[in-house]
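Report on the following structure.
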Amino acid sequence: MADAHRQYGGATPNPRPAQTEQSSLVRPYAVTGGRTAPRVQLAMEALVSSATSVQQDLSTFTPERQAISTLCRQVRSVAEVSALLRIPLGVVRVVIADMAAEGLVHVHQPQLEAGKPDLNLLERVLSGLRRL
């Protein structure tokens, strides 16, 4: 088609710009083994901390598990892990739930009393939104 475009007097189309980030070659469903829901429900504001040590060999983990384990050496929310690693939230939930079942991460779920929202959580969300 580019030859036909040039043949009729059109300018040569610009080549596609080089991608600065490496795109993932593994589809999300492959990372989760085809599962779309975690075995344990995780709130997006649930806090995750790594149970692996700095000296532990992570080379046997999948790249996603390695990244989550390393990133969660500082406590992070599930949503934050998803955003920082640029992995869909559903995929991160499945992987983190699997890692928690294997004892690789600790998950600290928010405790909501009788369906009432936690005022402290709402204030933190509001503060974060104001900073944007």
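The shown structure was predicted, so the numbers you read here are calculated from the model rather than taken from an experiment.
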- Residues in side chain to side chain donor-acceptor pair (under 3.5 Å) with S77, at least two apart?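 Once residues adjacent in sequence are excluded, S77 has no partner under the side chain to side chain donor-acceptor pair (under 3.5 Å) criterion.
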
pair [X]-[Y]: side-chain heavy atoms closer than 4.5 Å:
| X | Y | result |
| --- | --- | --- |
| L104 | S69 | no |
| V78 | R93 | yes |
| V92 | L85 | no |
| L122 | L126 | no |
| S127 | E123 | no |

Determine, using the 4.5 Å side-chain heavy-atom cutoff (strictly less than), whether [X] and [Y] are members of one ILVMFWY cluster.
| X | Y | value |
| --- | --- | --- |
| L47 | M99 | no |
| L89 | I87 | yes |
| V107 | L84 | yes |
| V40 | I68 | no |

- Item | Exam field: side chain S50 to backbone V105, donor-acceptor pair closer than 3.5 Å |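 It does not hold such a pair.
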
- Say whether, by atom type as modelled, one donor and one acceptor occur between the side chain of T70 and the main chain of Q66 under 3.5 angstrom.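 At least one qualifying donor-acceptor pair exists.
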
- Between atom CE of M44 and atom CD of E80, what is the distance when rounded to the nearest 0.5 Å?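 Separation between the atoms: 11.0 Å.
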
- Atom of G103, atom of A51 and distance for their closest heavy-atom approach: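 Minimum heavy-atom separation between G103 and A51: O-CB, 3.3 Å.
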
- Task: Write down the atom of A97, the atom of L42, and the distance for their closest heavy-atom approach.
- Result: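 Shortest heavy-atom separation between A97 and L42 comes out as N-CD1, 3.9 Å.
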
- Message: Applying salt bridge (charged side-chain N to carboxylate O under 4.0 Å, His left out), can you list everything that pairs with E102, at least two apart in sequence or on another chain?
- Response: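 Salt bridge (charged side-chain N to carboxylate O under 4.0 Å, His left out) check on E102 returns R65.
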
